[in-house]
Amino acid sequence: MPGPVPISAALTGGERRAFYLRLVDAASSLFHLRQILGHAIASGHHPDLPTTTKLIHRHSELVPSPSSSRSAFPLTLFSSHAQPDLFLLNVFLRCLPPNSALSLFSSIPRRHPRLRPDSFTLSFSLSAAASLSSPTAGLALHARIIVDGLSADRFIGSALTDFYFKFSQSSHAEKAFDQILKPDTVSWNTVISGLVRNCSFLRAVRAFVRMITLGNRVDSTTIAVVLPATAELQDLVFGQTVHCLGVKSGLEAQLHVATGLISFYSKCGDIPAAEILFEEINHADLIHWNAMISGYTFTGCIMSSISLFRYLLFSGLRPNSSTIVALIPVKTPFGREFLCKSIHGFVIRARLDLNSLVSTALTTAYSRLNDMESARKVFDEMPEKTMASWNATISGYAQNGLTEHAVSLFHDMQSRMLKPSPVTAASILSACAQLGALALGKWVHRIITEEDVELNVYVSTSLIDMYAKCGNILEAQKIFDGMPEKNVVCWNAMISGCAVHGYGREALRLFREMSVQIPPTATTFLSVLHACSHGGLVREGQEIFRSMFWDYGIQPLAEHHACMVDLLGRAGQLEEAMEFIKTAPADASKGVWGAFLGACRIHKEATLAKLASEKLFELEPKNPGYYVLLSNIYSASRNFSEAAAIREVANARKLGKMPGCALIEVEDVLHVFTAGDRSHPETSAIHRMLDRLQCQMVEAGYQAETEAVLDDVEDKEKEHVVEIHSDKLAIAFWSS
DNA sequence: TTAGGGTTAG
């Protein structure tokens, strides 16, 4: 504490100011600061401009969050000067909540006409505008910046960049950044962080590389903002390079950097590296613990995650809502049911805040358990619903096939005048894609355009997927071509779209174009192999499969093996397919034999089919599909007694099969047909059209496979064969 | 002027 007042009375004006400035610097609490001010006034020293500026500055350091501070201290001090200088005004402006800061800024010409706002005044006001949800104030500021010719200033430029990124206007943000004459570390950090927040991960990494190439210094913020991008891109090697740079620059031990590294390594599956880093931190804070717990959960190490949580409680740290969220497995299925319920119970028992963050995570976890009732209950009970919670519930409905609920909740959102976020759009589009609902998808696309929802890489990929699955491959291609940044997932979606439409050559062309730009993933290879299989490109498919491991180091999974058998089998190369099966790993058995059985059906190979079925009955005795398939193969090769016998076995084992269905959209209405369906109101017209089509097909040279052999069929079996395929009904309905 | 973990999407 400062000593008695008389010391100050003995000093000259300049000495007295220096004395108080030193005291203010050393103040360690708000109470202390007020005492210093009291002493000064009592000794007749009314704080001059520099002392007041220092007092307000120290106050904002001690009370960092302006919005939570209700203290009148800075205001009283500022108001005591009728004619503040620009320095005092800037410091005061900075400690105000955003709306007050902006009204102070707009009052400058009237109340302080002699003061001309400088780059600090404008930058601070821009930050205030960015924190408010209305962009108008920031746009007016930008207009003024342009008029005053201040766009090249690095403070102003960085604030502008950040402002536009906060409103998801990435291209304006990057333009503002490009105008900065000499961007410094903070300017580069701003642009990298903005790109990451707007999901442009590849661009963020490129900006980081450019920053270094141009000789800029990196700081702990740079490392902390670029790491989430490398984690999202699953680029372990690049992240390790960033790590090395951090070590060489002596930044590894910084709090933010350590957290970023733990999170990065665990998201890339390198738990041991994350553990070493976590253990090396001297005084780990709650965020470090949360990052490590989340890393365990993310990679499916549920037991480690729970042990670390127990240890956290034991160590006396109080978990927060992020800790609870970190415990809820969203991406892995292991132990989800148990955890979800016990965590829900724990949150209630420990009277932890069941805030929007925890509720949203619970909603997601329940929807992944296919328990939409519990998910909806958590959502309904939320006092304040966030955008994430709306999206979690909508996507939960979509992923559980409850499309009507998803759409109805989306309508609900719109009636509350809530603008859909890119996540909302992607979730709803995924529902449309599953349903094949083109009209609904187009409607969502219109809303995206009308409401100016940012077309980020997720939304564009969802649109590609939706258009491809709903049959409009040209529109999918158009969106794909217009994307400024393409990542692996959108390339995969486009290739997979080509596969579905039978465009094998186009899929291969895309694959070649892609692989010179970014490394393909296991999913890419699956899509390309599908495309080869559907396009009859056997040699090309074999070449791709070989290259997958030898050129790209990706181990083929069960699905890839099954796809290869499908490729060979469809092309009639059953011998080769059989040889290939022998080389497949054990976990691929179901898939490869299933694909082989499918090929036997196409080529009516009853003997080989029997062999495949025996394997499949062993592997999956309760799957009715294989019985149906084998029975159909026997029917096709006129072995009706065997066909009936197989059905008997299936019936005896009480294996019912879910009927497949076909969906068709006519004039924006979705119609569903199952095999032999007569429930449609226009059923007689449909059957008339079907007959007409059948005649035309026969005239065109079509040879019916089953209908021609009906004479040999027993009554019961005949009923089954006559049952009209759902796809045929849908097509007949569309034609009628 | 930038800033770590955690919820929602392809």
Side-chain angles (χ1 to χ4, degrees), chain A residues 94 119-120 122-127 130 153-163 165 180 183-194 196-197 199 219-225 227-228 254-264 266-267 285-295 297-298 319-328 330 355-365 367 386-396 398-399 421-430 433 456-466 487-493 496 523:
Chain A
R94 224 189 141 183
S119 61
F120 292 94
L122 288 161
S123 310
F124 297 155
S125 306
L126 262 172
S127 308
D153 179 276
R154 81 163 69 104
F155 264 68
I156 291 181
S158 304
L160 263 177
T161 307
D162 189 51
F163 167 78
F165 271 128
I180 305 174
D184 62 356
T185 302
V186 174
S187 323
W188 281 101
N189 291 350
T190 309
V191 80
I192 296 170
S193 143
V196 172
R197 278 181 283 140
C199 309
D219 64 5
S220 63
T221 304
T222 322
I223 308 285
V225 295
L227 279 172
Q254 300 270 330
L255 290 183
H256 298 77
V257 175
T259 317
L261 285 170
I262 293 170
S263 178
F264 157 73
S266 49
K267 278 187 185 148
D285 66 16
L286 186 60
I287 299 182
H288 293 123
W289 284 80
N290 291 351
M292 194 63 236
I293 293 174
S294 158
T297 311
F298 186 87
N320 65 3
S321 54
S322 299
T323 322
I324 303 302
V325 170
L327 279 168
I328 302 174
V330 170
N355 61 16
S356 63
L357 196 70
V358 178
S359 299
T360 308
L362 278 173
T363 306
T364 313
S367 32
T386 57
M387 183 53 83
S389 68
W390 282 94
N391 293 342
T393 318
I394 290 176
S395 94
Q399 282 164 5
S421 79
V423 182
T424 327
S427 311
I428 277 285
L429 284 170
S430 135
N456 70 18
V457 66
Y458 286 96
V459 179
S460 306
T461 310
S462 302
L463 279 170
I464 292 171
D465 189 50
M466 183 276 290
N487 66 8
V488 196
V489 188
C490 80
W491 280 99
N492 291 353
S496 162
T523 312

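Letters A, B, ... mirror the listed sequences (proteins, then strands); counts begin at 1.
Between the side chain of A:His288 and the base of B:dG5 there is no donor-acceptor pair of N/O atoms closer than 3.5 Å. Looking at A:Ser322, its side chain comes within 3.5 Å of the base of B:dG5 through a donor and an acceptor atom. At a cut-off of 3.5 angstrom, the base of B:dG10 holds no donor-acceptor pair with the side chain of A:Asn492.
Rounded to whole Å, atom C1' of B:dT8 lies 14 Å from atom CG of A:Leu362. In this structure, A:Ile223 atom CD1 and B:dG5 atom P are separated by 14 Å, rounded to whole Å. With rounding to whole Å, A:Met387 atom CE is found 13 Å from B:dA9 atom C1'. The interatomic distance linking A:Met466 (CE) with B:dA9 (P) rounds to 18 Å, in whole Å. Atom CD1 of A:Ile394 is separated from atom P of B:dT7 by 19 Å (rounded to the nearest Å). Residue A:Lys267 contributes atom NZ, which lies 6 Å from atom P of B:dG5 at whole-angstrom precision. Atom-to-atom, NE2 of A:His256 to C1' of B:dG5 comes out at 11 Å; the value is rounded to the nearest Å. The distance from atom CG of A:Asn290 to atom C1' of B:dT7 is 13 Å, rounded to the nearest whole Å.
Proximity of A:Ser193 to the phosphate of B:dA3: a side-chain N or O atom is located under 4.0 Å from OP1 or OP2. The shortest distance between the side-chain N/O atoms of A:Ser395 and the OP1/OP2 oxygens of B:dT8 is not below 4.0 Å. Side-chain nitrogen and oxygen atoms of A:Thr364 include none within less than 4.0 Å of the OP1 or OP2 phosphate oxygen of B:dT7. At the phosphate of B:dA9, OP1 or OP2 sits under 4.0 Å from a side-chain N or O atom of A:Gln399.
Ranking B:dT7, B:dT2, B:dG4 by closeness to the A:Leu255 side chain, first place goes to B:dG4. Closest contact between the side chain of A:Ala388 and the listed nucleotides B:dT7, B:dG6, B:dG10 involves B:dT7. Comparing B:dT8, B:dG5, B:dA3 by their closest approach to the side chain of A:Asn320 singles out B:dG5. For A:Thr259, taking side-chain heavy atoms from C-beta onward, the closest of the listed nucleotides B:dG4, B:dT2, B:dG6 is B:dG4. Here the nucleotide nearest the side chain of A:Thr221, chosen from B:dG10, B:dA3, B:dA9, is B:dA3. If you check B:dG5, B:dG10, B:dT7 against the side chain of A:Pro228, the one that comes closest is B:dG5. The side chain of A:Thr360 lies closest to B:dT8, out of B:dT8, B:dT2, B:dG4. The listed nucleotides are B:dG5, B:dA9, B:dT7; the one nearest the side chain of A:Ala361 is B:dT7.
In this structure, A:His288 contributes its side chain and A:Ile262 its backbone to no donor-acceptor pair below 3.5 Å.
Heavy atoms of A:Cys490 sit nowhere under 4.0 angstrom from any nucleic acid atom. Among the protein residues, A:Thr393 comes within range of no part of the nucleic acid, since none of its heavy atoms lies under 4.0 Å from any strand. Counting non-hydrogen atoms under 4.0 angstrom, A:Val423 reaches a base of the nucleic acid. Among the heavy atoms of the strands lying under 4.0 Å from A:Thr190 are primed sugar atoms or P, OP1, OP2 only; no base atom is included. A:Val457 comes within 4.0 angstrom of a nucleotide base, judged by non-hydrogen atoms across all strands.
Expressed to the nearest 0.5 Å, how far CG of A:Leu357 lies from CD1 of A:Ile328 amounts to 9.0 Å. Atom CG of A:Asn189 sits about 3.5 Å away from atom OG1 of A:Thr222, to the nearest 0.5 Å. Going from atom CH2 of A:Trp289 over to atom OG1 of A:Thr323 covers 10.5 Å, rounded to the nearest 0.5 Å.
With no hydrogens or angles considered, no side-chain donor-acceptor pair links A:Ser158 and A:Arg154 at under 3.5 Å. Under the 3.5 Å distance criterion, with hydrogens and angles disregarded, a donor-acceptor pair is assigned to the side chains of A:Asn391 and A:Ser421. No side-chain N or O of A:Asp219 forms a donor-acceptor pair with one of A:Thr185 less than 3.5 Å apart.
B:dA9 has A:Tyr458 stacked on its base ring, the centres lying under 5.5 angstrom apart and the planes within 30 degrees of parallel.
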